[in-house]
Amino acid sequence: MQRLARTEEILAQLVGFPTVSCDSNRACIAYVAEQLEAAGARVEILPDESGHKANLLATIGPDRPGGLMLSAHSDVVPVTDQIWQSDPFTLLARNDALYGRGTCDMKGFLAATLAMAPHFADLPLKRPIHYAITYDEEIGCFGAQHLARILESRPIRPAQALIGEPTEMQVIDAHKGCFEYTTIISGLEGHGSMPDLGVNAAEYAARFVSALVRLKQQLKSAYPPDSPFDPPWTTINTGALTGGQAHNVIPGTAQIDWEMRPVQRVDALHVKQTLQTLCEEELLPEMRAVCPQADIVTTALAEVDGLNAMTQNPLRDTLLAITGQNDASTVPFGTEAGIYQALGMDVVVCGPGSIAQAHKPDEFITHSQLSLCLDLLEQLAQRLT
């Protein structure tokens, strides 16, 4: 009970840091560092190039390869235009629930790991426990990619990683990747009465989106027969299509925001190659015949590989044994897990809270979920002694 109360105290502090991805997370990271240093952890703060944001890497236990990495992101999604019943950046306890932005996604898990840090430090650990706290997960997992490059360059790195995203403490060993793009069509403005003298960016954008729709349908029948996902195929979504300003003006620019969630990397390569061929062999020649400066530029905002289910995954097997679950499951949302799996770690996603509450007004996590998380962390730590 004392650990649960301490977890709530820490969570109140974490929620109080408005770490929306567009803002700095440095104050929050400094608080996490203070908590871990007080428990005797060896802490590194790793700023990004701007110095505006930072990752944190910390270790409790022996200075040797292997061990378990507890992974959480510090950033949260915005509350703009959401109607909350209370201040989203002030923790509110009501009945069995704790309300506030980031409570389940994923400061609840982070608070539980920090509450456990003094206990970890008192154990005769044979293998280390690491903390990896990142920035900008919500907008492309940029902090985790930064941290992975650092870990890859070091001779000593964790062997396993527990990603504490909200799964209601279900053991997850696979999820799709998340690839996000913005495509800018640059044409030539003109009077609507003389369409042949302009390059209608909106029309070319519509043809680009039509290609996305065709690919979307094709991929429904091109997935591996053993795909564990729901739906089992690679999905494509056109999130936004904007362009033009008036009925009688030929639009000079248009923008398409789109994403795909591949079940296998070959699907992503197929989509990108098909679109590149469409642009280079069909759309751009037509556009540049009228305006040589016309262009189509696609920018990758994020290309984060999914988490692949592995035949051998000792961490998954350990978590299944601890929780009493028969099999690991999959989730439709993305995490940083695939980034760490690419470094050779055994990776599992398992954390307190429900994804159904994430990103919504009045986000919450329950005391019972935090208790289950604390119990899991206790049993995992015992296996490292």
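Nothing here was measured: the structure is a model prediction, and the numbers come from that model.
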* **Any donor-acceptor N/O pair, R288 side chain to D295 backbone, under 3.5 Å** => no
* **With Q276 via side chain to side chain contact (heavy atoms under 4.5 Å, CB included) - residues at least two apart** => Q273, E280
* Asked: Would you say the side chain of P18 lies within less than 4.5 Å of the side chain of D23, judging by non-hydrogen atoms?
  -> no
* **Common cluster, L162/L374, ILVMFWY with side-chain heavy-atom separation under 4.5 Å** => yes
* Residue pairs involving residues 325-345 (criterion salt bridge (charged side-chain N to carboxylate O under 4.0 Å, His left out); sequence neighbours excluded) -> none
* If you measure from CG on L370 to CG on D375, what distance do you get to the nearest 0.5 Å? -> 11.0 Å
* Just grab all the side-chain hydrogen bond (donor to acceptor under 3.5 Å, both in side chains) pairs involving residues 244-258, residues at least two apart or on different chains. => T182-D257, T183-W258, E189-Q245, Q255-D257
* Asked: Any link between L376 and V331 through a network of hydrophobic side chains (Ile, Leu, Val, Met, Phe, Trp, Tyr) touching at under 4.5 Å?
  -> no
* Asked: Would you say T167's side chain and G351's backbone share a donor-acceptor pair under 3.5 angstrom?
  -> yes
* To the nearest 0.5 Å, how far apart are CD1 in I296 and CG in L284? -> 4.0 Å
* Asked: Are D346 and R316 side-chain neighbours, meaning at least one heavy-atom pair lies under 4.5 Å?
  -> no
* To do: Run the numbers on S74 and V32 for side chain to side chain contact (heavy atoms under 4.5 Å, CB included), then give the verdict.
  => CA-CA 10 Å; S74 63; V32 173; over 6 Å; no
* To do: Would you mind listing every side-chain hydrogen bond (donor to acceptor under 3.5 Å, both in side chains) that reaches into residues 224-236, with sequence neighbours excluded?
  => T234-D267
* Asked: Within the distance-only criterion (no hydrogens, no angle test), does the side chain of R6 pair as donor or acceptor with the backbone N or O of L114 below 3.5 angstrom?
  -> no
* Between P62 and P128, is any pair of side-chain heavy atoms under 4.5 Å apart? -> yes
* Set of side chain to side chain contact (heavy atoms under 4.5 Å, CB included) partners for A309, sequence neighbours left out -> D173, A174
* **Student check: side-chain heavy atoms of L215 and H270 closer than 4.5 Å** => yes
* Asked: When you measure from the side chain of R3 to the backbone N and O of A112, does any donor-acceptor pair fall under 3.5 Å?
  -> no
* Structure fact -> The ring-ring contact (aromatic ring centres under 6.0 Å, His included) partners of F89 (sequence neighbours excluded) come to none
* Check whether any side-chain N or O of D75 sits under 3.5 Å from a backbone N or O of E138 as a donor-acceptor pair, and report yes or no. => yes
* **E165 side chain near H175 side chain, heavy-atom distance below 4.5 Å** => no
* Asked: Are V347 and I355 co-members of a hydrophobic cluster defined by side-chain heavy atoms under 4.5 Å apart?
  -> yes
* To do: Take L377 and F120, measure what side chain to side chain contact (heavy atoms under 4.5 Å, CB included) needs, and give me the verdict at the end.
  => CA-CA 9 Å; L377 293 171; F120 294 158; 4.2 Å; yes
* Asked: Donor-acceptor pair, R157 side chain versus L343 backbone, under 3.5 Å?
  -> yes
* To do: Rounded to the nearest 0.5 Å, what's the gap from CD1 on I156 to CG on D63? Could you check?
  => 4.5 Å
* Looking at side-chain heavy atoms only, is the closest gap between H367 and L98 below 4.5 Å? -> yes
* For A211, side chain to side chain contact (heavy atoms under 4.5 Å, CB included) partners two or more places apart -> R214, L275, L278
* Should we count CD of Q217 as having more than 12 external heavy atoms under 6.0 Å? -> yes
* Enter the distance from I172:CD1 to L307:CG here, rounded to the nearest 0.5 Å. => 9.5 Å
* Heavy-atom donor-acceptor pair, Y131 side chain to A41 backbone, under 3.5 Å -> no
* Asked: Between V76 and D105, what is the shortest heavy-atom contact and its length?
  -> CG1-O, 4.1 Å
* To do: Indicate the atoms forming the closest heavy-atom contact of E363 with R101, along with that distance.
  => OE1-NH1, 2.7 Å
* Structure fact -> Using a 4.5 Å side-chain heavy-atom cut-off and chaining through intermediate ILVMFWY residues, the residues clustered with Y99 come out as L92, F364
* Pair Q13-E9, side-chain donor/acceptor within less than 3.5 Å -> no
* **Qualifying residues under ring-ring contact (aromatic ring centres under 6.0 Å, His included), relative to F229, sequence neighbours excluded** => none
* Quick check: does any side chain N or O of E286 sit under 3.5 Å from a backbone N or O of Y204, one acting as donor and the other as acceptor? -> no
* Specify the closest pair of heavy atoms between N25 and T134, including all atoms of both residues, with the distance to one decimal. => ND2-O, 4.3 Å
* Structure fact -> Sequence neighbours excluded, the answer for ring-ring contact (aromatic ring centres under 6.0 Å, His included) partners of F142 is none
* **Gap between atom OG1 of T366 and atom CG of N95 - 0.5 Å precision** => 11.5 Å
* Keeping the roles fixed (side chain from D362, backbone from Q85), state whether a donor-acceptor pair exists under 3.5 Å. => yes
* F333 CZ: over 12 foreign heavy atoms closer than 6.0 Å -> yes
* Asked: With distance as the sole test, does E378 use its side chain to make a donor-acceptor pair with the main-chain N or O of H119 at under 3.5 Å?
  -> no
* Between H146 and Y135, a side-chain donor and acceptor under 3.5 Å -> yes
* Structure fact -> Here the gap from K360 atom NZ to C104 atom SG, rounded to the nearest 0.5 Å, amounts to 10.0 Å
* Side chain proximity check, L151 to M345, heavy atoms < 4.5 angstrom -> yes
* Structure fact -> Closest non-hydrogen contact found for P195 with I250 is CA-CD1, 3.7 Å
* To do: Verify the distance criterion only: is there a donor paired with an acceptor across the side chains of H130 and T59 at less than 3.5 Å?
  => yes
* Asked: Under a single-linkage rule joining Ile, Leu, Val, Met, Phe, Trp and Tyr whose side-chain heavy atoms are separated by less than 4.5 Å, which residues share a cluster with M194?
  -> L197
* To do: Using the side-chain hydrogen bond (donor to acceptor under 3.5 Å, both in side chains) rule, collect all pairs that involve residues 300-309, keeping only residues at least two apart or in two chains.
  => Y181-E303, R265-D305, K272-E303
* Structure fact -> Between L147 and A132 the two heavy atoms that sit nearest each other are CD2-CB, 3.6 Å
* Asked: Under a 4.5 Å cut-off applied to non-hydrogen side-chain atoms, are L219 and V271 in contact?
  -> yes
* Asked: Which heavy-atom pair separates T318 from R383 by the least distance, and what is that distance?
  -> CG2-CD, 3.5 Å
* Asked: Same cluster for F17 and F109 if Ile/Leu/Val/Met/Phe/Trp/Tyr side chains link at under 4.5 Å?
  -> yes
* To do: Check the pair L68 / R127 against side chain to side chain contact (heavy atoms under 4.5 Å, CB included), numbers first and verdict last.
  => CA-CA 8 Å; L68 173 67; R127 287 169 286 167; over 6 Å; no
